[in-house]
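Take a look at the structure set out below.
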Amino acid sequence: MRETTTVFVSNAFIRALALAGRGDDALAVCCQMSETGLSFDRFTYTYALKACVVGSGSGEMKGKEIHGSLLRRGFERNLHIATTLIDFYAKFGLVSCAGKVFDEMPVRNVVSWSAMIGCLAKNGRPFEALELFWEMMVGNPDEVPNSVTMVSVLQACAALSALGQGKFIHCFVVRRGLDSILPVNNSLVTMYSKCGDLEMARRVFDRMDRRDVVSWNSMISGYGVHGFAEEAIMVFKEMINDGRVSPNAVTFISLLGACSHSGLVDEGKRLFYSMVPEYHIYPSSEHYAGLVDILGRAGRLEEAMKVIEDMRIEPGSTVWGSLLGACRIHCNIEFAERASVRLFELEPTNAGNYVLLADIYAEAKMWEEVNRVKKLLEARGLQKVSGCSWIEVKGKIYSFVSVDELNPQIEQLHALLVKFSLEMKEKGYVPDTKAILYELDEVGKEEIVLGHSEKLAVAFGLINSSAGETIRITKNLRLCQDCHSVTKFISQFTNREILVRDVNRFHHFKNGLCSCGDYW
DNA sequence: GTAGGGTTAG
């Protein structure tokens, strides 16, 4: 056979295996090609890179080797290959490698731009994703963004809680006639719900002429994170009655999350135990984590532990993480230690677990243990993730870190917060400084909690918005106890609605109360 | 004769 024919056949084989999810087998065929002296062509490279993504283990290393090989043969400038490379690096979270390929491309089109925007959006760099989108729009009038581009851009807006930008993109989507495309609408539902506008999410959802399982799941999880478990379950029932789409594993993860945020213990248990008999969906570690979360938050730690012990699969880090989170709420040392032992084995570099355990010890005033955990954290070269909050004002994002000395408005924000603090103390408020894990006098600790990023963002929101406008804030961590009570007070004192999205859920503060019912 | 980017959860 001629070599071109042989390469063609091998390509087809590699492609088929990669498409079937058998990346390792596909790569084995690649190796055979090399051994028999057949050289890759431009098609082989794209299929081989795809195989690295769907393979089991060493895909990252194999892909880098493939990159080296195609580089030596001058294929990196090929549009399709470069785009595939960007996507390969994106899937392994190697943003700077993807960026390097993108920057060095001699020619780009809408697909390569979208691949890079998607890479940033999915790897925790939503701000840069939007920047790149605008660069594409402004600097490259010939490249018209399409529905795929819009999905990634909407994802970035959702991650940032950038409602203003999201609405702008929504208008753009309508003007371009992309509003009948299913994934675009699904992304709109998620964008509006993550930006805190649940009504608009529902409106988009209701107007969709076709819905797939992602549409339903998006709406269910939207209600769930906003603390409306009953509505989430109603949407689920609508989905079942409609009958055109079957629920999947994600549906139940969303439902269990919804029950957990609202404290619906019995309903959550009922849903969990209906999965296999009614829907033939076998619970994964994430589902067990959901159930453990529901029971744990409700203070039923023994029952949660029993669920873990009786699991039919090996409990993953999410399960132990749920238990540890519950131990923090209910200050249970014994189970916290059991969960930590497993978590430190399963994910030794997750700083959050060490911090949670230290918080639990601190709450119990077990300072020696607090120091022991802190030393462990340091010994492993890890750092506590620092708190960060942000707010969108007139389409621009303003972000704050705790005790934000570099912020130009810090004096003004601080003065406003001190004023609130004094008023609150007259009404019996005592600052909650338990979250501070190092020794400091009480005055110093109060100063620090008053400088928490979330409070700075609230103060900024109050100064830069008009009465009647809802203040929308996003935070990268769980809301601390003190910020929660202070925000409740501010909502009453200023007669303003404040919406805070923390890392897990939304809190609607109004008239001195929070929608989470102080249960989060 | 074969090619590239997309939505839900955690």
Side-chain angles (χ1 to χ4, degrees), chain A residues 4-5 7-16 18-19 41-50 53 75 78-88 90-91 98 101-102 105 108-122 136 143 145-156 158 178 181-191 193-194 201 204-205 208 211-222 224-225 232 239 245 247-258 260 284-290 293 316-319 321-322 325 352 503-505:
Chain A
T4 46
T5 313
V7 174
F8 176 78
V9 172
S10 300
N11 286 350
F13 197 23
I14 296 164
R15 173 175 181 263
L19 278 174
D41 65 8
R42 58 192 196 279
F43 300 102
T44 325
Y45 282 115
T46 59
Y47 299 142
L49 285 166
K50 277 262 171 283
V53 175
F75 277 119
N78 175 292
L79 184 60
H80 287 87
I81 289 181
T83 307
T84 314
L85 270 171
I86 291 170
D87 190 53
F88 157 76
K91 299 239 157 83
V101 174
F102 182 74
M105 287 175 78
R108 304 185 187 114
N109 66 4
V110 63
V111 182
S112 38
W113 280 96
S114 304
M116 193 60 221
I117 292 168
C119 169
L120 293 166
K122 280 174 201 61
M136 173 188 180
E143 289 309 327
N146 58 22
S147 67
V148 180
T149 325
M150 300 328 291
V151 166
S152 287
V153 172
L154 286 166
Q155 219 180 3
L178 301 170
I181 293 168
L182 188 58
V184 172
N185 281 318
N186 290 344
S187 308
L188 280 169
V189 171
T190 302
M191 182 278 289
S193 116
K194 289 201 173 170
V204 173
F205 179 79
M208 288 169 71
R211 298 188 189 114
D212 62 5
V213 67
V214 177
S215 327
W216 290 100
N217 292 350
S218 303
M219 200 63 240
I220 290 170
S221 96
V225 292
M239 174 188 189
V245 176
N248 65 9
V250 176
T251 316
F252 283 92
I253 292 173
S254 305
L255 282 167
L256 294 168
S260 163
S284 69
S285 227
E286 277 72 26
H287 296 101
Y288 281 103
D293 202 53
S317 55
T318 47
V319 176
S322 293
V503 70
N504 295 316
R505 60 164 298 152

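Within every chain, numbering begins at 1; the chains are lettered A, B, ... in the order of the sequence lines, protein sequences first and strands thereafter. All values below were derived from every heavy atom in this structure, side-chain atoms included, with hydrogens, water molecules and symmetry-related copies excluded.
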side-chain hydrogen bond (donor to acceptor under 3.5 Å, both in side chains) partners of E286(A), counting only residues at least two apart: S284(A)

Partners meeting side chain to side chain contact (heavy atoms under 4.5 Å, CB included) with A82(A) (sequence neighbours left out): V101(A), M105(A)

Sugar-phosphate only, base, or nothing, as touched by D87(A) at under 4.0 Å among non-hydrogen atoms: sugar-phosphate

Sugar-phosphate, base or nothing in reach of N504(A), heavy atoms under 4.0 Å: nothing

Heavy-atom contact window of chain A on DNA chain B, given 5' to 3' at under 4.0 Å: dG1(B) to dG10(B)

Pairing residues for T44(A) by the side-chain hydrogen bond (donor to acceptor under 3.5 Å, both in side chains) criterion, not counting sequence neighbours: N11(A), D41(A)

Residues from residues 250-257 of chain A lying under 4.0 Å of DNA chain B - heavy atoms: V250(A), I253(A), S254(A)

R108(A) charged N/C atom sitting above F102(A) aromatic ring, 6.0 Å / 45°: yes

Side chain to side chain contact (heavy atoms under 4.5 Å, CB included) partners of V151(A), counting only residues at least two apart: P183(A), V184(A), S187(A)

Residues in side chain to side chain contact (heavy atoms under 4.5 Å, CB included) contact with V213(A), at least two apart in sequence or another chain: N217(A), M239(A), V245(A), N248(A), T251(A)

Sugar-phosphate, base or nothing in reach of N185(A), heavy atoms under 4.0 Å: nothing

Stems formed with participation of DNA chain B [Watson-Crick or G-U wobble, under 3.5 Å, three or more pairs]: none

Non-neighbouring partners of S221(A) that pass side chain to side chain contact (heavy atoms under 4.5 Å, CB included), sequence neighbours left out: S254(A)

Sugar-phosphate, base or nothing in reach of T318(A), heavy atoms under 4.0 Å: nothing

Pairwise distance CE(M219(A)) to CH2(W216(A)) - rounded to 0.5 angstrom: 10.5 Å

side-chain hydrogen bond (donor to acceptor under 3.5 Å, both in side chains) involving D212(A) - partner list, sequence neighbours excluded: N186(A), S215(A)

Sugar-phosphate, base or nothing in reach of S215(A), heavy atoms under 4.0 Å: nothing

Residues that S147(A) engages under side-chain hydrogen bond (donor to acceptor under 3.5 Å, both in side chains), provided they are two or more places apart: none

Partners meeting ring-ring contact (aromatic ring centres under 6.0 Å, His included) with Y45(A) (sequence neighbours left out): F40(A), F75(A)

Sugar-phosphate, base or nothing in reach of I81(A), heavy atoms under 4.0 Å: nothing

Touch class at under 4.0 angstrom, heavy-atom based, for V189(A) against every strand present: nothing

Sugar-phosphate only, base, or nothing, as touched by I181(A) at under 4.0 Å among non-hydrogen atoms: base

